[in-house]
Every structure is written in C-alpha cells, then in structure tokens.
Number of protein chains: 2
Amino acid sequence: MRTPVKGRSTRAVQAEQTRQQILDTAQRLFAEQGYDATSIQMIADELGLTKAAVYYHFHAKIDMLHATMTPGVLRIAGLLDEAASMRGRRARIEHVVAGVVDFLVEHRHYAVMASSDPAAKRNKLDKEDGTADLRQRGLALCFGEHPTAAERVSYIAAFSIAESLPELVDLSDGELREALQTTMLRILRASS
Amino acid sequence: MRTPVKGRSTRAVQAEQTRQQILDTAQRLFAEQGYDATSIQMIADELGLTKAAVYYHFHAKIDMLHATMTPGVLRIAGLLDEAASMRGRRARIEHVVAGVVDFLVEHRHYAVMASSDPAAKRNKLDKEDGTADLRQRGLALCFGEHPTAAERVSYIAAFSIAESLPELVDLSDGELREALQTTMLRILRASS
DNA sequence: GTCTATATATAGATAGAC
DNA sequence: GTCTATCTATATATAGAC
C-alpha cells in the first residue's frame, strides 16, 4: 500500500517549502505596500516563479492574506484563552500585555498589516478569522462586558501602537520591548 | 474686458460643486474600502457621472487622495504652528490635544484613511504633504528633539487612536470628545 | 510542481463629439 | 462640463504541456 515514501515526502517537503516562501514574501509585500497594491506577479517575481506556480499553492489571492494572518490570530486567541482563565483584571491585563508585546517584537514588520490594511477590514476577515472578535474579547477581559468610553479609548490607544511600529525601526528589540511594556501597562492600568 | 459674469460664474460654480461632490464621495469611499480598492468608476457611479467627467476635474486618481488629505494636513500644520509659539511643553501638549480632538470629532469617518491607508504611506504623500513630518513636529513639540523610547511610544499611542475611530461609532460626539481628551492628555502628560 | 499561453475583467487614462 | 468610445496596461485566474 505504501507509495515510495522518500519520493513523496521529498516532493511534499519541496512543495511545503515553496508554499512557505510564497507566504513569507506575500506577508512582507502586504506589509510594505498593502494587500491591494501587491500583485501575484510581484510575489512570483521575487521568488523567480510564475503566477501559475503561485496559484498552484493558493487558489486565490485572498487565501494568502488569510494564511498570513491565521498564525497571529491563533496565537493571540490562545493568549486570550489563557488570560480568561485568570482571576483579577490586573493579572489578565498583565498577561495580555506581556503576550502581545512578545508578539509585536517578534513580528515588528508584519504586525502592521493585520491591524491596519483596508483589505483586512473588508472581506469579512474580521468576522471569519476573528480579528475584530479578538479585540472585543480582549477588551472584555481587561474592562468587563460594559467598559466605559474612556476605558475603550485607552484600550484602543494601547493596542493601536502596533500600527505604527515601522516608525520605531531604530529601536533595538530590547528597547522596543521595554518601551511597549511600560507604556501599554501604564495606559491600561490607569483606566482600571 | 469682462466676460459675461453670470454665465461664467454659474458654470464655475457648477464645476466647483461637482468637484466638491466628487471629493466628498472619494473621501468616503477611500475611508470605507481603502484607496486602492476604490476605482474611479465607483466614484463616478455613486454620483451618476462617467469616468471621463471625473477625469475632467482630477487629472489623476492620486490627485483625489491629495485633495482629500490637504485640508486636514493644513489644519493640523496650523495647529502645530500655534503650539510652537507657546511656552512650556505642558501648554503645547494641551493645545495640540485639544485641536486634534476637535478635528477627530469633526471628521470621525475620514480621519482613519489619512493615518492608516497604505496608499497614503506610499506615493511620497508623507514627504510632500508632510503627514510624516507633522508627526515628527508634533513629537518634538511635546517631548523635545530627543524623546525617549517611552515618550515616542506614548505619543504614538495617543495619536494612533485616530485609526480606530470606526470602532467608536456608537459614541455621541460629546462622549467621544471627552473620552479622547481625557485619555490622550493622560497618556501624554504621564510621560513628560 | 512549475511552466507557457491565454481567457476574462477591469483598472487608469485620453480623444473627440456634443 | 459631461458624454461615448476607446486605448493601454495589468489584474486575477485557468487550461494544458512538460
């Protein structure tokens, strides 16, 4: 029954690698120029592939946006799950901030796209992948089900920093981490 | 020497009205779907015009983006000029915050685009129109020429709120104003 | 799994009639 | 000032050879 494992797995590995390269390139270009301004052709060109080759791995352009966002969405969702099981808003806030800061420092370049690209706001990515839901959940974890206007604005301020990370390229990972941690905590704590 | 004033001015007025309608529609669609995803055709359709008619008023699509952003850029630039002539960081911060809050409340729907659309980040809109320069100037006014990392992050947090205004549609102008004012001041003051 | 070639649609932009 | 008609470029996506 078993087909030649080595051959199959080699091909499969090759395919997986190519797919991942496409995804990395797509993510970088999406972040740099925006989803709409990035064509399949550009992605293919950067990798020395053809459009058709790219389409073998992704049936539609929008699938690439989904695929680039999914890992981040899942990670933040997991983070919120952890926070949800903790007692006390203060502790939950600290856990969420620490996790988000880790994520932002680790994905300085890519984190922008997910939260600010118009394409991510259309296409029901919000509802399907839960980007908007995540924000709602996080807000509820920090300030309860009925946050005040000021609490909502504080929450937005703290987590909208992600959209401006490119302005902070000159900071080292360590500097960025500390500045983010300090500032986000201060903003969120002061409102609770 | 004078040409028939009434005829000419009537036409001119008509043209100016149409131009303004185009601009309003463009600004709305840019804000809703993003610049790249908005076609001249869509703008024309909404107004019952044709693409050619639109092109009579704007030689290129990018000109519409410029035109939609210019008033806001000028207004904020003027605000910063005022702030620059004031003594004391505290006073400058308060003046800038008050002015920006006014602007945001007045342009709840449109303010998003200017600060977050990928198209505004490309096309050198930043350098030419000074969107990026405005941020730099504002930062210097609040925290001097050599702000710390934490001050820069605070500044970003305070003014990145603009990009998430759509999440606060349910707030009245008054509620929004107060929440913005309070939160932004708190974020910026605590860092000085 | 990647290619060439192509189908199809629509974008931005222009020419010229009215 | 607005129209019809059209140009040119490029987009997403597919079919089929290798």
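Every chain is numbered from 1 and lettered A, B, ... according to where its sequence line falls, protein lines coming before strand lines. Model, not experiment: these values are computed from the prediction.
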S.K.: A side-chain contact here means heavy atoms from C-beta on lying under 4.5 Å apart; do B:Ile22 and B:Phe58 qualify?
M.R.: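 Answer yes - side chains close enough.
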S.K.: Using five pairs at each end of the helix from C:dG1-D:dC18 to C:dC18-D:dG1 to define an axis, what is the angle between those two axes, to 10°?
M.R.: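 Rounded value for the end-axis angle: 0°.
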S.K.: May I ask you to list the residues of residues 48-55 of chain B, by number, that have any heavy atom positioned under 4.0 Å from an atom of DNA chain D?
M.R.: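 Under 4.0 Å from DNA chain D: B:Gly48, B:Leu49, B:Thr50, B:Ala52, B:Ala53.
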S.K.: Say whether A:Ser154 and B:Arg186, considering side chains only, have a donor N or O and an acceptor N or O under 3.5 Å apart.
M.R.: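 Yes, side-chain donor-acceptor contact under 3.5 Å.
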S.K.: Under the 6.0 Å and 45° cation-pi test, does B:Lys61 pair with B:Tyr55?
M.R.: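 That pair does not qualify as a cation-pi contact.
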S.K.: Apply side chain to side chain donor-acceptor pair (under 3.5 Å) to A:His57 and list each qualifying residue two or more places apart in sequence or on a separate chain.
M.R.: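 Counting only residues at least two positions away or on another chain, A:His57 forms no side chain to side chain donor-acceptor pair (under 3.5 Å).
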S.K.: Heavy-atom count around A:Glu167 CD within 6.0 Å, excluding the residue itself: above 12?
M.R.: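 Atom CD in A:Glu167 is crowded, with more than 12 foreign heavy atoms closer than 6.0 Å.
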S.K.: Quick check: on DNA chain D, is the nucleotide nearest A:Met42 upstream (toward 5') of the one nearest B:Tyr56, or the reverse? Name the residue that is more 5'.
M.R.: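 Counting from the 5' end, the first nearest nucleotide belongs to B:Tyr56.
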S.K.: For A:Asp45 and A:Lys51, run salt bridge (charged side-chain N to carboxylate O under 4.0 Å, His left out): C-alpha distance rounded to whole Å, both residues' side-chain angles, the deciding distance at 0.1 Å, then the answer.
M.R.: CA-CA 8 Å; A:Asp45 286 349; A:Lys51 280 194 291 184; over 6 Å; no
S.K.: Heavy-atom contacts under 4.0 Å between residues 18-25 of chain A and DNA chain C, which residues?
M.R.: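 Here the set is A:Thr18.
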S.K.: Check this for me, if you would: do A:Arg11 and A:Glu16 make a salt bridge, where the nitrogen-to-carboxylate-oxygen distance has to be below 4.0 angstrom?
M.R.: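 Looking at A:Glu16 together with A:Arg11, the answer is no, because their closest N to O distance does not fall below 4.0 Å.
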S.K.: Distance under 4.0 Å to a non-hydrogen atom of chain B counts as contact; along DNA chain C, which nucleotides mark the start and end?
M.R.: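 Here the contact window of chain B covers C:dA11 to C:dA15.
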S.K.: Taking A:Arg122 for its side chain and B:Gln33 for its backbone only, find out whether a donor-acceptor pair lies under 3.5 Å.
M.R.: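 Checking the backbone N and O of B:Gln33 against the side chain of A:Arg122, a donor-acceptor pair under 3.5 Å is found.
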S.K.: With A:Asp102, which residues qualify under salt bridge (charged side-chain N to carboxylate O under 4.0 Å, His left out), at least two apart?
M.R.: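 With neighbours one apart ignored, the set is A:Arg177.
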S.K.: Should A:Arg92 and A:His95 be marked as a side chain to side chain contact (heavy atoms under 4.5 Å, CB included) after you check the CA-CA gap, both sets of side-chain angles, and the distance that decides it?
M.R.: CA-CA 5 Å; A:Arg92 287 200 290 268; A:His95 188 74; 5.7 Å; no
S.K.: Flag the pair A:Glu46 and A:Arg28 as a salt bridge only when some basic side-chain nitrogen lies within less than 4.0 angstrom of an acidic carboxylate oxygen.
M.R.: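 Counted as a salt bridge, because a side-chain N and a carboxylate O are separated by less than 4.0 Å.
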S.K.: A:Glu94 side chain to A:Ala91 main-chain N or O, any donor-acceptor pair under 3.5 Å?
M.R.: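 Judged by distance alone, no pair lies under 3.5 Å.
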